[in-house]
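Single-structure report; data block below.
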Amino acid sequence: MRLKNLAFIVIFVASIGGLLQPVKAQYGGNINWAKNANAYYQISDQGIVSITLPKNDRKVVIPAALLGTKGLHAGNIKSFQLSEDGQKALIYTNTKKVWRYETRGDYYVADIATNTVTQMGKDKPASSLMFAKFNPAGDKVAYVSKHNIYVEDVASNTSKALTTDGTDRIINGTFDWVYEEEFGCRDGFSWSPDGTTIAYWQLDARKIRNFLIIDNTDSIYSFTIPIEYPKVGQNPSACRIGVVDINTAKTTWMPVPGNDVQHYIPRMEWIPNSKEIILQQINREQNVSKIFVADAQTAKVNAIYEETDKSWVDAGEPWKWLNGNKEFIWQSQKDGWKHYYRISKDGKKQTLITKGNYDVIELSLIDEKNNMFYFMASPTNATQQYLFKTKLDGKGKLEQVTPSILAGTHSYDISPDGTYAFHVFQSANSRPLTEWMNLTTGNPLSMDGSLTNQLGKIQPPKNKVEFFKITTEDGVEMDGWMKKPDNFNPAKKYPVLFYVYGEPAFQTVTDTYGAGMNRLYEGDMAKDGYIYISLDNRGTPAPKGREWRKSIYKQIGRLNIRDQAMAAKKILEWPFVDKNRIAVWGWSGGGSSTLNLLFQYPEIYKTGIAIAAVTNQLTYDNIYQERYMGSPLKTVEAYELGSPIHYAKNLTGNLLYIHGTGDDNVHYQNAEMLVNELIVHKKLFQFMPYPNRSHSINEGAGTTAHLAATFTKFLKENCPPGAQ
């Protein structure tokens, strides 16, 4: 399960799908590069400007005065995109949330030639437009509103509906709750390369049952909020791909083989400069992935690639095309490591690009002109990441680009031609620092702004976060970080608080700024005398190979829990650890782990704080839970044995359980199910529901401060701080 939507680095989390997943701050990947690759666009007080490297020459593209005619300025523009010819800007503002992300709002077109700013979809409800984008010619804009797709002529401001059957449950051009949450699917349509048609997803959620969230506080009479939510064992929405002609508004459906309910289509896009669509289909059990190419004119669909796994396969990344669109890049773990391949369009030829016993963490740039493939990896330390490169033709060796003297976590946003990069460095003991650099020479564009210059001015912390490895009695080597108390005395004994996640969605032990911090704690844990520790068990997405990650298949709530407990057992042997003051906490998937640790290993963990936990795995969504736990249609035994509620009778320690009653992700029913079970067994505990709060429990005045105060008070009372 994944953590979702907490607002703090490491502790509070932002959603990515599945259960709550603590999120690292993202600094790279946000540069709006210009087509010439040596410049990028930015919104500023001057308006939309282009900045040319290496001298940072600035040129106003869309003046602030023009934007101001519609009340647009740097403070309220969420994002913008330029037309292919650079003469128009499509500006996104007045944004509102749809589930986790602000994916609906208002759009305006700023036209340089006519010196005008025009609102798109003026006849639609305010802040209802989604994923607006120019056609290739830049004279039309398509968008979604109320689950229908529209196309609007920029010059005349007239619009036409391309779909008319959209309802709350017939979803065109975007996705239902679970597709967004678990596949990261939001934008559900794209223009054809020639601008004559649009390919889009349609989801039919009419058979998905509603889960009812009860609001008891906003009215004298309570009312329900229905959320379409397919739980474990329930069928997902039917899914199909259509191509609609913008002139006739006629849709042609692509006859993708396989039942449209028992298969998912998490990825789809046009093949560049063609009338063909490429898409990925994954079966309901999520252990078979197929790639199809569909001819949008003839509706002929051909399977070109298939991959199976004894556990699960992942949704792919956007396709990158090579060799005049005759080959594409695809990621696979079929050789035991996460690697990239170049595959011919017919699927018959496959070439491994990244070779060796290491995982690629992320693709950074394909430089076809120079036959170079840039990517993030960390072959020798799974807590860090660095930039590497190799030959795009698969004949090169692994070369590290990042200087090895800068130990920690790096990210790069590289210009399309591979010349320049925005480089971010951070570590557990260094806040994020940035520099612009010439990637071909490895030199910063400004010595004053270089990372080495900035690091030289920073006073390192006196009490550093320490990284360590520990091997359990099962022979499992785990990474961990530890923040010791200030003025630590190894001759004394200290309480330990473990921070846990433990599921396939997130890795807690990373050498990033925020490791060792607990923003739910009022004050300073190190100053108060706590040892703070986090460990990554098998099944977490660390770059340690396929077997490390997928060994948790059908064993969430057991394998990860034993790994954590056996590592804690070793830590309890350290002479400065007080065995009687051991606490653990986590949120969402980490909340589930906290409960399982407290219930399954009461001899180790004396105190636990679990937030927004899945207490019964059968209550969570089908895509996430079935992916990692197998089909419940065959047997639910693994689900039951992995659920904290199964072990609630074993509680002997101190438990604080926290949940928002308005949680649309991990439903509040989990809290009441657990409370009922604890009552049956006469177990005493503390319980803190937050009315109408979502999975992030951050809505409403005073909520965040109250949550922190509740967390801190309980921890101090039940696991007293300080040396003894």
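Remember, it's a predicted structure, so these values are computed and weren't measured experimentally. Computed from heavy atoms alone, side chains included, the values below leave out hydrogens, waters and symmetry copies.
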Working to the nearest 0.5 Å, report the span between CE of M268 and CZ of F292. 14.5 Å

May I ask you to test the K355-K397 pair for a side-chain heavy-atom distance under 4.5 Å? no

Y358 vs F375 aromatic rings, parallel, tilted or perpendicular, using cut-offs 30° and 60°? parallel

Heavy atoms from other residues, nucleotides or ligands near NZ of K348 exceed 12 (cutoff 6.0 Å): no

Report yes or no: does D536 contribute a side-chain atom to a donor-acceptor pair with the main-chain N or O of T508 at less than 3.5 Å? yes

Within a strict 4.5 Å, meaning less than it, do heavy atoms of the I291 and F328 side chains meet? yes

Would you say S427 and N429 are linked by a side-chain donor-acceptor pair, where the criterion is simply a distance under 3.5 Å? no

Verdict with supporting geometry, K369 and D417, salt bridge (charged side-chain N to carboxylate O under 4.0 Å, His left out): CA-CA 8 Å; K369 179 181 177 181; D417 69 351; over 6 Å; no

At their closest point, which heavy atom of A39 faces which heavy atom of W33, and how far apart are they? O-CE3, 3.5 Å

Please give me the minimum heavy-atom distance between P136 and G195, naming the atom from each residue. CD-CA, 3.8 Å

G480 and L535 have their tightest heavy-atom pair at CA-CD2, 4.0 Å

Test item: side-chain donor near acceptor, T409 and Y513, under 3.5 Å: no

With side chains defined as the heavy atoms from C-beta onward, is the minimum distance between F80 and N32 less than 4.5 Å? yes

Carefully, step by step, assess K457 and L455 under the rule side-chain contact (heavy atoms from CB on, under 4.5 Å). CA-CA 5 Å; K457 297 177 182 179; L455 284 167; over 6 Å; no

How about F189 and W201: are their ring centroids closer than 6.0 Å? no

Should the pair R186 and F175 be classed as cation-pi, given the thresholds of under 6.0 Å to the six-membered ring centre and 45° from the axis? no

Close aromatic pair by centroid cut-off 6.0 Å: W436 and Y40: yes

To the nearest 0.5 Å, tell me how far K88 NZ sits from L82 CG. 11.0 Å

Taking atom CH2 of W321 and atom OG of S274, what is their separation to the nearest 0.5 Å? 7.5 Å

Show, in sequence, the C-alpha distance, side-chain angles and deciding distance for D359 and R549, and conclude whether the salt bridge (charged side-chain N to carboxylate O under 4.0 Å, His left out) test is met. CA-CA 11 Å; D359 284 310; R549 289 185 292 274; 2.7 Å; yes

Quick one: does N438's side chain have a donor or acceptor within less than 3.5 Å of a partner on T441's backbone? yes

For K334, look at atom NZ and say whether over 12 heavy atoms of other residues, nucleotides or ligands are found less than 6.0 Å away. yes

Between V360 and L363, what is the shortest heavy-atom contact and its length? CG1-N, 4.5 Å

Minimum heavy-atom separation for R627 to Q286, with atom names? NE-OE1, 2.9 Å

Decide yes or no on side-chain contact (heavy atoms from CB on, under 4.5 Å) for I353 and L392, but give the supporting numbers first. CA-CA 6 Å; I353 300 172; L392 184 57; 4.0 Å; yes

Closest heavy-atom pair and its distance - W330, Q280: CZ2-NE2, 3.7 Å

Stepwise, does the side chain to side chain donor-acceptor pair (under 3.5 Å) test hold for R546 with S311? CA-CA 10 Å; R546 180 201 173 282; S311 53; 3.2 Å; yes

Partners passing side-chain hydrogen bond (donor to acceptor under 3.5 Å, both in side chains) against S378 (at least two apart in sequence or in another chain): none

Would you say the side chains of S332 and E307 form a donor-acceptor pair under 3.5 Å? yes

For the residue pair K550 and W312, would you count it as a cation-pi contact if the rule is NZ or CZ under 6.0 angstrom from the ring centre and within 45 degrees of the ring axis? yes

Counting only heavy atoms not in D57, do more than 12 sit closer than 6.0 Å to its CG atom? yes

Just verifying a value: how many Å separate K345 NZ and I278 CD1, rounded to the nearest 0.5 Å? 8.5 Å

Can a cation-pi geometry be assigned to K320 and F373, taking NZ or CZ under 6.0 Å from the six-membered ring centre and within 45° of the ring axis? no

Interatomic distance, E102 atom CD to K97 atom NZ [nearest 0.5 angstrom]: 7.0 Å

Would you say the rings of Y264 and F183 are close, in the sense that their centroids are separated by under 6.0 Å? yes

K464, NZ atom: more than 12 neighbouring heavy atoms under 6.0 Å: no

Would you check if H339 and L352 make a side-chain contact, meaning some heavy-atom pair closer than 4.5 Å? yes

Taking the inter-plane angle between the rings of Y386 and F388 on a 0 to 90° scale, is it parallel (under 30°), tilted (30 to 60°) or perpendicular (over 60°)? perpendicular

Applying salt bridge (charged side-chain N to carboxylate O under 4.0 Å, His left out) to E547 and R538, what does each step give before you reach the verdict? CA-CA 9 Å; E547 290 307 313; R538 286 176 293 171; over 6 Å; no

Spatial distance of atom NZ (K389) from atom CE (M372) [nearest 0.5 Å]: 5.0 Å

